[in-house]
Structures are given as C-alpha cells and as structure tokens.
2 protein chains.
Amino acid sequence: MYERKIPKNLDCGMGMTMEIIGGKWKPCLILNIHNGAKRPSELQRLNPLASRRVLTVQLKELEEHGIINRVVYPVLPPKVEYFLTDLGKSLLPMILLMDEWGAQYLSKPEELPKLKKVI
Amino acid sequence: MYERKIPKNLDCGMGMTMEIIGGKWKPCLILNIHNGAKRPSELQRLNPLASRRVLTVQLKELEEHGIINRVVYPVLPPKVEYFLTDLGKSLLPMILLMDEWGAQYLSKPEELPKLKKVI
DNA sequence: GCGTATAGGGATAAAATTCACCCTATGCAA
DNA sequence: TTGCATAGGGTGAATTTTATCCCTATACGC
C-alpha cells in the first residue's frame, strides 16, 4: 500500500480543486465526457497520447471523488459508460474556461512567451 | 541540461493551459499576487508549506511565460516585486473560479466523496 | 484455432516534479 | 561580532506521477 509522505495542501480552495482535477488527463476526460464521449474506448481514442492504463486509473479516481458515475451494462463484450454527476457538472464552468483560455493560443502560440520554443 | 523525454500534450486548450499554470504552487501564486502580495518574502509567508526554492523557481517560470513581471529595485537589502501582466490578468476569471470551487468544500469536505479520509 | 474488440488490474520501470541543503551577497541592529 | 532579513542559484536525493508490459475474461468473424 502506498503511503504519502508529503501532506497535500488542502488549506486553500486551489489546493482542494487541484486535488480533484490535478491529474494529467482528468480535465480532458471531464471535457470529453461533457462533449458526449461515454465509453472508455471512445475516451482512449480521443486521447491517443495517453496510455490506456492511465485513463483507466484517472477515470477511477474521478469516480471515487464523485465527479463521474460509472454504469456497467451486463453484456458481452463488456460495456461501460461514464456520466458526469451533479458535482462533476458543477466543475464545467471552470473546465470550459480552462479549455477556452488555452485554445486561444493553439493557433498563435507565439503570443505565449517561451512557448514557441517548446513547440 | 535537462531534456524532456515525453512530449507535452499541447494539442488541446487544456494542455496549453496546464502548461502555464500546472505547477504545484503556480495557481496560488497568481492568486496571491492578484490579492496584493508582491514581494517574494510575502509569498513565502503566504505559502508556508512550499519550500522557498520551489516558489522562486515557479515564479521564474511564470515570468518566462509572460504571466507576471518582475521588478527589481536597486536597493539593499534586495527588493523585488511581482505584478500580473495583461496576459496574467486574463487568467484571473479561471483562477478565481478554481479557488471558489474548492473553497466551497474547505468547510464541508465530507461532501467530496473519498476526501474525508484524506483529511 | 486465431485475431479483434470490449474493460480492467498488478507489478515494476521510467520520468517528472518537488524537497532539502548548501552557497553567494549586503545592510542593519543588538 | 553574531544574527537576521533580503533575494537568488546549484546540486542531488526523495517523492509523486506516468508509462510500459503482461495478465484475466467473453463473444464474434474468418
């Protein structure tokens, strides 16, 4: 069992928020699900840079944190669908703003100093 | 010189945004500066859980990304002040929303499943 | 039978991030 | 003189986070 050594900073709102959405792919997953993707395989196709494993794990954490619901259909081959909970939906204004802010610069990265080098 | 092995995902807005604010203390620093803190020592006092070194480094990255300005006063002992740039100010709606979302649950963490155990 | 698709998990390696410690330099106060 | 405050950097270890690889199980089509 893994035991954390350094306490998380849950003293401020930011820390609390980052505890929930702070995984590399979590904000993307929330956005994808909001945009209509439901099944794990869809989410994997939408995020080809993410390994299958990480998406599985991060989806599970989002579920444990009450951000998404996991619905299992008893069929074969397996079918699973994810939905945003009310708590998850309450994140949307923030998530959408995050996506929009960054999207501004997708087409003009030169306006973000030091980033043009990275790209 | 450190060389990144895994490419960042700068394909979507979220990835771009996280590239800028994705450090452990960066959102807090932006918020602190917006709330009036200017000098490094103030910021260190406001974030006692963060090591001095990390704050210095993350402030430098925020500056390199054009989010804050660093103003050096030629006095002794040294005096430095940080200010949000226009680009930095454009992050505020998002940052404030992030802080507010999490702050809701500071007083009632039991409403965030699985988090009550952590605290 | 073999390959594909579905969904998921365990174990371990690799990478990225953060921490801890030591160093510079100057002025002021006790 | 010693201690404190100011601001910053270099280095290597510790910690956390991701990635990689291999495993389960079932139905379908060829």
Side-chain angles (χ1 to χ4, degrees), chain A residues 1-10 15 18-29 33 37-65 68-83 118, chain B residues 1-10 15 18-29 33 37-65 68-83 118:
Chain A
M1 192 58 179
Y2 174 71
E3 188 184 329
R4 174 167 274 273
K5 306 274 177 63
I6 299 177
K8 301 186 174 180
N9 70 319
L10 298 170
M18 292 313 281
E19 169 67 15
I20 303 298
I21 65 160
K24 183 167 178 179
W25 302 97
K26 285 181 187 176
C28 294
L29 288 171
I33 294 173
K38 295 180 183 65
R39 303 183 64 178
S41 51
E42 289 181 85
L43 295 167
Q44 284 160 26
R45 273 188 288 270
L46 288 170
N47 300 282
L49 291 177
S51 77
R52 201 161 49 89
R53 184 87 174 96
V54 184
L55 292 185
T56 303
V57 171
Q58 305 216 343
L59 283 167
K60 191 175 185 185
E61 289 177 4
L62 285 173
E63 192 204 356
E64 290 173 340
H65 283 140
I68 58 178
N69 275 325
R70 179 166 173 272
V71 178
V72 183
Y73 298 88
V75 293
L76 275 170
K79 178 176 177 181
V80 168
E81 288 186 337
Y82 293 102
F83 301 92
V118 180
Chain B
M1 190 60 178
Y2 175 69
E3 188 182 330
R4 173 167 275 275
K5 306 276 177 63
I6 298 177
K8 300 186 174 179
N9 70 318
L10 298 171
M18 292 313 281
E19 169 68 14
I20 303 297
I21 65 160
K24 184 168 177 180
W25 302 96
K26 284 181 187 176
C28 295
L29 289 171
I33 294 174
K38 294 179 183 63
R39 302 184 64 178
S41 52
E42 290 180 85
L43 295 166
Q44 285 160 27
R45 274 189 289 270
L46 289 170
N47 300 282
L49 291 177
S51 78
R52 201 162 47 91
R53 183 86 174 98
V54 183
L55 291 186
T56 303
V57 171
Q58 304 216 344
L59 283 167
K60 190 174 185 185
E61 289 177 5
L62 286 173
E63 193 204 355
E64 289 173 341
H65 283 140
I68 58 179
N69 275 325
R70 180 167 172 270
V71 178
V72 183
Y73 298 88
V75 293
L76 275 170
K79 178 174 177 183
V80 168
E81 288 187 337
Y82 293 101
F83 300 92
V118 181

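A note on names: the letters A, B, ... follow the listed sequences, proteins ahead of strands, and every chain is numbered from 1. Note that the structure is predicted; figures quoted are calculated from it, not measured.
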Remember a base hit wins even if backbone is also touched, and classify [X] as base, sugar-phosphate or nothing at under 4.0 Å, heavy atoms.
X: A:Y82; result: sugar-phosphate
X: B:R52; result: base
X: B:Q58; result: sugar-phosphate
X: B:T56; result: sugar-phosphate

In this structure, how many angstroms lie between the [atom2] atom of [N] and the [atom1] atom of [X], rounded?
X: B:I6; N: D:dT18; atom1: CD1; atom2: C1'; result: 6 Å
X: A:N47; N: D:dT18; atom1: CG; atom2: P; result: 13 Å
X: B:K5; N: D:dT18; atom1: NZ; atom2: C1'; result: 14 Å
X: B:Q44; N: D:dG9; atom1: CD; atom2: P; result: 12 Å
X: B:E19; N: C:dT17; atom1: CD; atom2: P; result: 9 Å
X: B:K60; N: C:dT17; atom1: NZ; atom2: C1'; result: 17 Å
X: A:K24; N: D:dT18; atom1: NZ; atom2: P; result: 7 Å
X: B:K8; N: D:dT17; atom1: NZ; atom2: C1'; result: 15 Å

5′-ward residue of the pair B:L49/A:V57 relative to DNA chain C: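 Closer to the 5' end of DNA chain C: A:V57.
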Taking donor-acceptor contacts at under 3.5 Å, does the side chain of A:R53 reach the base of C:dG8?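 In this structure, the two groups form no donor-acceptor pair.
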Side chain proximity check, B:I33 to B:L43, heavy atoms < 4.5 angstrom: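 B:I33 vs B:L43: side chains touch.
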With the side chain of B:R70 defined as its heavy atoms from C-beta on, choose the nearest nucleotide among C:dT6, D:dT6, D:dA7.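 For B:R70, the side-chain atoms sit closest to D:dA7.
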Looking at D:dT17, C:dG8, D:dT6, which one has an atom nearest to any side-chain atom of A:R4?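 Of D:dT17, C:dG8, D:dT6, D:dT17 is nearest to the side chain of A:R4.
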Measure the spacing between [atom1] of [X] and [atom2] of [Y] and express it to the nearest 0.5 Å.
X: A:H65; Y: A:I21; atom1: NE2; atom2: CD1; result: 12.0 Å
X: B:L49; Y: A:I6; atom1: CG; atom2: CD1; result: 10.5 Å
X: B:K24; Y: B:L55; atom1: NZ; atom2: CG; result: 10.5 Å
X: A:L59; Y: A:I68; atom1: CG; atom2: CD1; result: 5.0 Å

D:dT18 phosphate, OP1 or OP2: any side-chain N/O from A:S51 under 4.0 angstrom?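 The answer is no; no side-chain N or O of A:S51 sits under 4.0 Å from OP1 or OP2.
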Closest nucleotide of DNA chain D for B:P40 versus for A:V54: which of these residues is on the 5' side?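 Checking each residue's closest nucleotide, the 5'-ward one belongs to B:P40.
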